[in-house]
Every structure is written in C-alpha cells, then in structure tokens.
Amino acid sequence: MKHDPIVELLDESRIGQEIVVCGWIRTFRNDTFIALNDGSTIKNLQLVIDRENFSDDVRKRLTTGAAISAKGELVASQGKGQTTEVKVTELEIHGEADPEEFPIQMKRHTMEFLREKAHLRFRTSTFSAVFRIRHGMTYAVHKYFHENGFYNVHTPIITGSDAEGAGEMFRVTTLDLNDVPKTEDGKIDVKQDFFGKEANLTVSGQLEAELAAMALGKVYTFGPTFRAENSNTSRHLAEFWMIEPEVAFADIVDNMDLAEDFMQYVVKYALDNYADDLEFLDQKERNDEKSKPQNERNELSLIERLKFVAENNFERITYTEAIDILRNSKPFKKKKFKFPVEWGIDLQSEHERFLVEKHFKKPVIITDYPASIKAFYMRQNDDGKTVAAMDILVPGIGEIIGGSQREERLNILMEKCKEFDIPEEHVWWYLDLRKFGSAKHAGFGLGFERLIMFVTGMTNIRDVIAFPRTPMNAEF
RNA sequence: UCCCCUGUAGCUCAGUUGGUUAGAGCAUCUGACUGUUAAUCAGAGGGUCGUUGGUUCAAGUCCAACCGGGGGAGCCA
C-alpha cells in the first residue's frame, strides 16, 4: 500500500494535501483522537475521527496496538501538542489488538518486562528509538571506514582456528549427539565431522583481518561474534557484533588516533542525525534517575555526555602511570579498593571506574600493559616487560575497545607461542604472514552493543540488541 | 560460576510480631462527557501470593530445595 511516512507529515509544509498513513495505534483518546506511530520517527501523528462518520463498532476496534491505515487531509492542528493532524475520511483496520490481552500500554514498563516480550518491545518508544539509532550507528561505521579508505572484509563465522585464547567457544558439529563416533582410544572422532576437524563459531575476526590488511592496507570487519562464557552481567552477550579495523604500517599511536577519531565521528553522527530519539532517551534517563540517590546519577545528561566525547580529546596514559595514579588515590589510601593495586596485576572494574568516572571524568586510553596479562600476538615493547596494547574505557560501561600493535617479528612471535602453549601447527598461516613481507601493523576490536549503550544511555546490553543471546536465554 | 537482593491482579508495587473475606495506582470492562495530549468522572470484574516440600491449631508472611528476574564480581568487547 502506497503511503506517507509519518516523519514527513509532522511539519507544516504538507498541510492541505491528501495523504495516506499506515501504522499502529498508541492511544485512542476521547473517542476522537488517534495517536499513530509507524516507526519512521519517535513522534506520533494525530488522526482525528469525526464521530458522525464512523460507527460505534469501528471506534470500538480502535485500540492500543491495532494496525490501521487512514486517508484524509493533512491540516493544521487545533490542539496544542502538535502542529499537524489528519482529518480522516477513510479508515481501514488491518489487524486488531485485543485490549484484554495486548500487554503493551501507553505508560512506563520496566525493561525486564519488555525483554520477555521481545516480539512487541519494538512497539515502544524506547526500543524504537534504540533500534533507529542502532541502524544509524551501523551506517555511520561503514560510512566512516569507507570515507577513510578502508575495505570491509567478511571474516569467517565458522572457524577451525582455536588458539586465539579470546574465550570459550561454541562447537559447530553435524555429528549425531546421541551417537557420537569415537576413535579407538575413546575420544570423539572429529575426522567424521563435517569439516574433518573441530570447528567453532568465531570469537574474533582479528587474525583473519590481519591477513587482509597485509595486502589491502586498511580493512575492517563488522560481524557477529560468539562467546560461550557463562557471563551474567549487564555488559556481556553470548552473541554480539564486533567491529575490528586492522591497518598495515600502523603503530600503537596510529591505532589510538584511529580509535579516537572513529569514536568521535560516530558519536557526532548520532547527535546530528538522531536528535529526536536522543532527546527522548535523554529525558527517559532523567526520569529513571529521579529514583536514584544523587551519587549514582550521571553528572552530565546523555546528550551532554555525547557532545563532550565528540568535542574533547581522550586522556592517554600508560598502564604504569595508571598504577601510580591509583596508588596515590584517596580510595587506595583509605583502603576502599577491594583488590590490590600493584604493577603486574590486571586492573579491576573498581580501578577502571575510578580512573574514568572519578579521576579523569572522560574516556581514557590505557596503553603498554604487562605482557603477562595480554594476548600472545601483541607487540613486545623495548623494555621487555610490556606490550603495545591499548584499552579504551568510557564512563558507565568500562572497556569499549581493546586493541594493540601486532607482533610482526617472526622469532619473537614464535617464542610467544611457546610461552602461551600455542602449537605452531595451529597458527602456521598466522606465522607465515611474518615470513613474507612482514611489516608493523595494528588494530582493535570495538563491541558494537557497548557503543550503542554509550550512545543511547541504556544500562543493560540486552536492551540494545533485538534478540539478546545470554546463558539460558534464546526464546525468540 | 560466586556474593547480595527479589518473585503478590495484565503492569508497577504495598501487605505489621504468622491470625477473619488479599490491597492501591495504572490497564481492562460498563456508563457519562466530547478538541483530547499517558484525556477526565462514576461504577464493576480481575489473584493456585514463582514451584515443591517442611514447621505450625493457623503460612503471602518462618525454613529448605528448585526455577525465574535484578544488582555487583570474574571472563571480556
């Protein structure tokens, strides 16, 4: 059915035209006024039903959630809440929504309740705003990389490489689980499986992206990623989307510059293109925070935070400097930290939060971590103790980006494999890259959902993805 | 996986030291009103108190196990 998106009918320029709209009823007030939403904008269009032209029977079926289309003239509104409205002449009800059963009402629901109604939560203002912004961020990611000379690479979702050490993996198999073929010594006979070897869902496209970068120069991946960790937190998913740029002839500083420029670009894109949705989420956050104690509220509003990030440089410190700051901090001296702070140990959430939310109050890039707490492929620094790693931490979410300059020297990488107990035959292709035209290169991984949390102000990662996959949860 | 909190109407919640027939607001239904803005006003219906077992004359309330949800931690993006 040919029809006009509501987003185009809200300002005065089309007043006087005959229009057709389709959408879902948010409320039907006073037996006369329909608030209609079609997903093209967070705002509703008001339809005015002349009671004399529409029977009681028709009006009775106009309930919250029903799908309708309407034809009529767009006129200047007589009421105060909107500039335009539709004087309806024809009305069609496509699908009723039984008010006794339809669970979504024109009032506040908890995020937990809506999470159980995953098929209907798109109909709410909050989630439609989140998913419009999510789309915009997807577009902004591709736009940024395309405009900066990067090529998108589709790295495999099913992978035979298992030495990345990035986390627990989901096994992929076509073997009959009720009758698994065994070898003579009682182990699973993987030779009979689909790929003739163990296969898993990818935990990262990085190693493959490196191969592409060392030919195409600048590449990025943007795809689904799977971690079979039993993580029950507001910032972990079993299935999430990750963005992984990889750049040849780049060092750790180039990498930081790229990450910061990228973050500022996509945040600015949201501010410039999704003002209505952000305004709504900004207001929602203020309302939600009214019930919280002062010290748990954000000092800046959502939109103020985004503007701040778009306009200010990130703080850059080394791991060693971070340890010094922590050891000289008030909470350390008053023994408020639960975990010890000393050079060589990994930073805990409480330490990261102090640095980002209390000390610097802005995104922080921490570099040059001890080699022992980072992955085997990260480039060893000249001090022999640290590697050229970088994590970007943002207020409220924590780690949003993790990256590094990669070890390009074959002999050092081979030593690292030994140290980390990674058999060379598992990563021969990755090592080969260092044999033939090796060069320094760097990249990072950015959790897309964590970016969406940051941009929308949503506090649970399950509420920024349409169908969250978490332990014991895959209903839809 | 660990620690803490929590589960009462469609939704959000109250329910006292265990004690009659289980409470409110919103939603729903009926009626009134008719330029409303989460419309308003009057009335009505709506409950296996997460599940199972236990203590007790008596359990929404106490105990145990299990199942869900939330917050925090670890792992990380």
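Every chain is numbered from 1 and lettered A, B, ... according to where its sequence line falls, protein lines coming before strand lines. Every value quoted in this text rests on a predicted model; they were computed, and no experiment measured them.
The stretch residues 33-71 of chain A touches RNA chain B through A:Phe33, A:Gln46, A:Arg51, each having a heavy atom within less than 4.0 Å of the strand. Only A:Glu399, A:Ile400, A:Ile401, A:Gly402, listed by number, bring a heavy atom of residues 393-403 of chain A to less than 4.0 angstrom from any atom of RNA chain B. Applying a 4.0 Å cut-off to non-hydrogen atoms, the residues of residues 79-96 of chain A that approach RNA chain B are A:Gly79, A:Lys80, A:Gly81, A:Gln82, A:Glu85, listed by residue number.
Below 30°, between 30° and 60°, or above 60°: for A:Phe122 and A:Phe131 the angle between ring planes is between 30° and 60°, a tilted geometry. Relative orientation of the A:Phe337 and A:Phe354 rings is perpendicular, given thresholds of 30° and 60° on the angle between their planes. Aromatic ring orientation, A:Tyr319 versus A:Trp343: perpendicular (interplanar angle above 60°, classes split at 30° and 60°).
For A:Gln348 and B:G74, the shortest distance from a side-chain N or O to OP1 or OP2 is below 4.0 Å. An OP1 or OP2 oxygen of B:G71 is reached within less than 4.0 angstrom by a side-chain nitrogen or oxygen of A:Asn460. OP1 or OP2 of B:C76 has not a single side-chain nitrogen or oxygen of A:Ser231 nearer than 4.0 Å. For A:Thr110, a side-chain nitrogen or oxygen approaches OP1 or OP2 of B:U12 to under 4.0 Å.
The shortest heavy-atom contact between A:Thr202 and A:Thr159 is CA-CG2, 3.7 Å. For A:Arg406 against A:Phe444, the heavy-atom pair with the smallest separation is NH2-N, 3.7 Å. Shortest non-hydrogen contact noted between A:Leu347 and A:Ile366 is CD1-CD1, 3.8 Å. Summarising the geometry of A:Ala209 relative to A:Val219, their closest heavy-atom pair is O-CG2, 3.6 Å, with the distance given to 0.1 Å. Between A:Gly205 and A:Glu244, the shortest heavy-atom contact is N-OE1, 2.8 Å.
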Where each pair must be Watson-Crick or G-U wobble with both distances under 3.5 Å, what dot-bracket representation of RNA chain B is obtained, with crossing pairs in [ ] and other-strand partners as |? (((((((..((((.....[...)))).(((((.......))))).....(((((..]....))))))))))))....
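Rounded to a whole Å, the CZ atom of A:Phe222 is 13 Å from the C1' atom of B:A77. When rounded to the nearest whole Å, the span between CG of A:Asp98 and P of B:G10 equals 14 Å. Rounded to a whole Å, the CZ atom of A:Arg462 is 12 Å from the P atom of B:G68. Regarding A:Met453, its CE atom lies at a distance of 18 Å from the P atom of B:C76, rounded to whole Å. The separation between A:Arg450 atom CZ and B:C75 atom P is 12 Å, rounded to whole Å. One atom, CD of A:Glu244, and another, P of B:C76, lie 15 Å apart when rounded to the nearest Å. Rounded to whole Å, atom P of B:C75 lies 11 Å from atom CD1 of A:Ile345. The distance between atom CZ of A:Arg123 and atom P of B:A38, rounded to the nearest whole Å, is 21 Å.
Across B:U21 and B:G60, the matching P atoms stand 11 Å from one another, rounded to whole Å. Here the separation of B:C29 from B:G18, taken at their C1' atoms, is 37 Å to the nearest Å. Between the P atoms of B:C13 and B:A73, the separation comes to 23 Å (whole Å). A gap of 36 Å separates the C1' atoms of B:G74 and B:G54, to the nearest Å. Rounded to whole Å, the P atom of B:A24 lies 14 Å from the corresponding atom of B:A9. B:A22 and B:A59 have their C1' atoms separated by 14 Å, with the value rounded to a whole Å. Comparing the same atom, P, in B:U51 and in B:U56 gives a spacing of 23 Å after rounding to whole Å. The gap from the P atom of B:G15 to that of B:U6 amounts to 11 Å, rounded to the nearest Å.
When the nucleotides B:A73, B:G74, B:G35 are ranked by their closest atom to the side chain of A:Arg353, B:A73 comes out on top. When each of B:U1, B:A27, B:C76 is scored by its nearest atom to the side-chain atoms of A:Gln105, the top-ranked nucleotide is B:A27. The side chain of A:Gln78 lies closest to B:G35, out of B:G70, B:G69, B:G35. Considering only the side chain of A:Phe113, B:U12 comes nearest among B:A73, B:C76, B:U12.
Heavy-atom nearest nucleotides on RNA chain B were determined for A:Glu350 and for A:Leu237, and the one closer to the 5' end corresponds to A:Glu350. Each of A:Ala238 and A:Ser77 was matched to the nucleotide of RNA chain B holding its nearest heavy atom; the match closer to the 5' end belongs to A:Ser77.
Between A:Thr386 and the choices A:Thr367, A:Thr318, A:Asn381, A:Thr320, the side-chain hydrogen bond (donor to acceptor under 3.5 Å, both in side chains) rule is met once, by A:Asn381. Of the options A:Tyr220, A:Phe222, A:Tyr265, a ring pair (Phe, Tyr, Trp, His ring centres under 6.0 Å) to A:Phe145 is made by A:Tyr220 and by none of the others. A salt bridge (Lys or Arg N to Asp or Glu O under 4.0 Å) with A:Asp31 holds for exactly one of A:Arg51, A:Arg59, A:Lys60; it is A:Arg59.
With respect to the salt-bridge test (charged N to carboxylate O, under 4.0 angstrom), the residues A:Asp368 and A:Lys385 do not qualify.
If you check every strand for non-hydrogen atoms under 4.0 Å, A:Arg115 touches sugar and phosphate atoms only. Residue A:Pro99 is classed as a sugar-phosphate contact, given heavy-atom separations below 4.0 Å to backbone atoms only. Using a 4.0 Å heavy-atom cutoff across all strands shown, A:Thr233 reaches at least one base atom of the nucleic acid.
Using a 4.5 Å heavy-atom threshold, the side chains of A:Asn44 and A:Ile6 count as separate.
The base of B:C76 sits with one of its N or O atoms less than 3.5 Å from a complementary donor or acceptor on the side chain of A:His236. Between the side chain of A:Glu112 and the base of B:G70 there is no donor-acceptor pair of N/O atoms closer than 3.5 Å. Judged by atom type and distance alone, A:Arg235 does not reach the base of B:A77 through any side-chain donor-acceptor pair under 3.5 Å.
With no hydrogens or angles considered, no side-chain donor-acceptor pair links A:Thr456 and A:Arg134 at under 3.5 Å. In this model, no donor atom of one side chain and acceptor atom of the other lie less than 3.5 Å apart for A:Asn30 and A:Thr32. In summary, the side chains of A:Glu210 and A:Tyr377 do not present any donor paired with an acceptor at a separation below 3.5 Å, with no hydrogens or angles considered. A:Arg379 and A:Ser404 form no side-chain donor-acceptor contact under 3.5 Å, judged by distance and modelled atom types alone.
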Does the protein touch nucleotides 39-50 of chain B at the base, only the backbone, or not at all? Give it as B, S and - per nucleotide, heavy atoms under 4.0 Å. B-----------
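Between the side chain of A:Glu289 and the backbone N or O of A:Asn298 there is at least one donor-acceptor pair closer than 3.5 Å.
Taking A:Gln82 as the reference, A:Ser77 meet the side chain to side chain donor-acceptor pair (under 3.5 Å) condition, with sequence neighbours excluded.
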